[in-house]
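Step one of this worksheet: look at the structure below.
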Amino acid sequence: MSKLNIHACPLCGGNHLKYTMTCVDHYASGEHFDLLRCEDCGFQFTQDFPLETEIGRYYETPDYISHSDTKKGVINSLYHLVRKRMLNRKARLILHLLGKKTGSLLDIGTGTGYFSHTMKEKGWDVTAIEKSPQARTFAKEHFNLNVYDESKLKDLPDKSFDTITLWHVMEHLEHLNETWELLYKLLDDNGILVVAVPNCTSYDAEKYQEYWAAYDVPRHLWHFTPSTIQTFGAKHNFILAAQHPMPFDAFYVSMLSEKYKKSALPFIKGMYVGTIAWFHALAKKERSSSMIYVFRKKK
Ligand SMILES: [Zn+2]
């Protein structure tokens, strides 16, 4: 197996990399992966993760697509309810930040197409990119949405999008700095870049430590904080214009984390911890389980 061994911090280039914890892939393989943190800038990442060419099998479990489509089970029902609310909230946020009702959107990592579909329904010109062929087929069948694979990215004209979104995608991308460069190139000078990622300084991350479901090794390669993602943006000529909490993620993440800990009542305990996490995020948004970061280009 080809793995990526990181010797220098992808954010600052420093080489003072310190072991923080070992996480288990509870979702697919049961394999162990170490997390390291750069002592110079604080950026945390998964060490020795499988390369892009081989990581596919870590996504292959029976419930990967169904994860976003069946309504079986309490956790999934709740997930659906929250998703609908979140889709509308995401759309409102973009309209508000951009200051116009429609525009051109590039949605990278569209998944099964729910967000792209929502925006298309609102009159947006949507370009959707998704790596998984099964997810692309799903989007076509359910929403009649044409979704491209990632090779399309190199054919897109410079500065052609008012909005680029990556909803829980950036933590999966092997070529992190190259991705930021590409985003800068594709975004209009007055456009907005919206990046949502888990927050490893959240209440629930600190509570669950190595069991925190959003470490999700080895699918999640990078473990951002409000501070490290802002530095990433700055490195690539973006300014962090706004940040918004996604406190509802704490419920789903806490339930999964309880399941990984083999708790007797993962649903009840997860709801309980999710509620406490929600209050923490209310008091301080930087403690939210996941965060939405909005970047603009530096002028
Ligand atoms: Zn660093």
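In what follows, residues are counted from 1 in the order of the sequence shown. Values below: all heavy atoms of this structure, side chains included; hydrogens, waters and symmetry mates excluded.
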Is there a side chain to side chain donor-acceptor pair (under 3.5 Å) between Ser289 and Asp249? Walk through the geometry before answering. CA-CA 6 Å; Ser289 187; Asp249 283 33; 5.6 Å; no
Evaluate Asn88 against Lys84 for side chain to side chain donor-acceptor pair (under 3.5 Å), listing each step before the verdict. CA-CA 7 Å; Asn88 288 319; Lys84 201 168 162 56; over 6 Å; no
Intermediate values then yes/no, side chain to side chain donor-acceptor pair (under 3.5 Å), Ser254 and Asp204:
CA-CA 7 Å; Ser254 298; Asp204 39 309; 4.8 Å; no
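Listed here is the closest heavy atom pair of Val217 and Thr46: CG1-OG1, 3.7 Å. Residues Gly111 and Glu130 approach most closely at N-OE1, 2.7 Å, considering heavy atoms. Closest non-hydrogen pair, Lys298 versus Tyr184, comes out as O-OH, 4.4 Å.
Looking at residues two or more places apart in sequence or on another chain, you find no side chain to side chain donor-acceptor pair (under 3.5 Å) involving Ser160. Under the side-chain contact (heavy atoms from CB on, under 4.5 Å) criterion, Asn15 pairs with no residue at all, not counting sequence neighbours. Residues meeting the salt bridge (charged side-chain N to carboxylate O under 4.0 Å, His left out) test with Lys269, sequence neighbours left out: none. For the ring pair (Phe, Tyr, Trp, His ring centres under 6.0 Å) test, no residue two or more places apart in sequence or in another chain qualifies with Phe161. Residues passing the side-chain contact (heavy atoms from CB on, under 4.5 Å) test with Tyr272, sequence neighbours excluded: Ile276. Residues passing the side-chain contact (heavy atoms from CB on, under 4.5 Å) test with Thr201, sequence neighbours excluded: Asn199, Glu206, Thr225, Pro226. Listed by chain and number, the residues in a ring pair (Phe, Tyr, Trp, His ring centres under 6.0 Å) with Tyr211 amount to none (sequence neighbours excluded). Shown here are the side-chain contact (heavy atoms from CB on, under 4.5 Å) partners of Lys262, two or more places apart in sequence or in another chain: there are none. Among residues two or more places apart in sequence or in another chain, the ring pair (Phe, Tyr, Trp, His ring centres under 6.0 Å) test is passed with Tyr203 by His280.
For Asp25 and Arg219, the salt-bridge test passes: some basic side-chain N is under 4.0 Å from an acidic carboxylate O. Residues Lys131 and Asp149 are not paired through a salt bridge, judged by the lack of any N-O separation under 4.0 Å between the basic side chain and the carboxylate. Contact check on Lys185 versus Asp158 returns a salt bridge, with a Lys/Arg side-chain nitrogen under 4.0 Å from an Asp/Glu carboxylate oxygen.
Relative ring orientation between Phe138 and His142 is described as parallel, the plane-to-plane angle staying below 30° on a 0-90° scale split at 30° and 60°.
Geometrically, Lys207 does not engage Trp212 in a cation-pi contact defined by less than 6.0 Å to the ring centre and at most 45° from the axis. Seen from the ring of Phe49, Lys3 does not count as a face-on cation partner, given the 6.0 Å and 45° thresholds.
Leu193 places a side-chain heavy atom less than 4.5 Å from the side chain of Leu166.
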Please set out all donor-acceptor pairs under 3.5 angstrom arising from side-chain atoms of residues 31-38, sequence neighbours excluded.
residue: Glu31; atom: OE1; partner: Tyr58; partner atom: OH; Å: 2.7
residue: Glu31; atom: OE2; partner: Arg57; partner atom: NH2; Å: 3.3
residue: Glu31; atom: OE2; partner: Tyr58; partner atom: OH; Å: 3.2
residue: Asp34; atom: OD1; partner: Thr22; partner atom: OG1; Å: 2.8

Could you tabulate the donor-acceptor pairs under 3.5 Å formed by side-chain atoms of residues 232-245, not counting sequence neighbours?
residue: Lys235; atom: NZ; partner: Pro10; partner atom: O; Å: 2.9
residue: Lys235; atom: NZ; partner: Leu11; partner atom: O; Å: 3.1
residue: Lys235; atom: NZ; partner: Asn177; partner atom: OD1; Å: 3.0
residue: His236; atom: NE2; partner: Asn177; partner atom: OD1; Å: 2.8

Could you go through residues 115-122 and list every donor-acceptor pair under 3.5 Å that involves a side-chain atom there, pairing it with any protein atom two or more places apart or in another chain?
residue: Ser116; atom: OG; partner: Asp107; partner atom: OD2; Å: 3.0
residue: Thr118; atom: OG1; partner: Tyr114; partner atom: O; Å: 2.8

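Note that CG of Leu265 is 13.0 Å distant from CE of Met255, once rounded to the nearest 0.5 Å. Rounded to the nearest 0.5 Å, atoms CG (Leu87) and CZ (Arg85) are 12.0 Å apart.
Formation of a donor-acceptor pair under 3.5 Å by the Thr228 side chain with backbone atoms of Phe224 is not found in this model. Side-chain atoms of Glu171 do not come within 3.5 Å of backbone N or O of Pro198 as any donor-acceptor pair. Judged purely by atom type and a 3.5 angstrom limit, Trp222 uses its side chain to pair as donor or acceptor with the backbone of Leu173. Side-chain N or O atoms of Ser257 include one that pairs as donor or acceptor with a backbone N or O of Ala213 at under 3.5 Å.
Each of Leu176, Leu17, Thr20 was scored for a side-chain contact (heavy atoms from CB on, under 4.5 Å) with Phe45, with one residue passing: Leu17. Thr165 pairs in a side-chain contact (heavy atoms from CB on, under 4.5 Å) with only one of the listed residues (Leu106, Thr110, Val126, Val194), which is Val194.
Looking at Ser263 and Glu258, their side chains do bring a donor and an acceptor atom within 3.5 Å of each other.
The aromatic ring centres of Tyr215 and His220 sit 6.0 Å or more apart.
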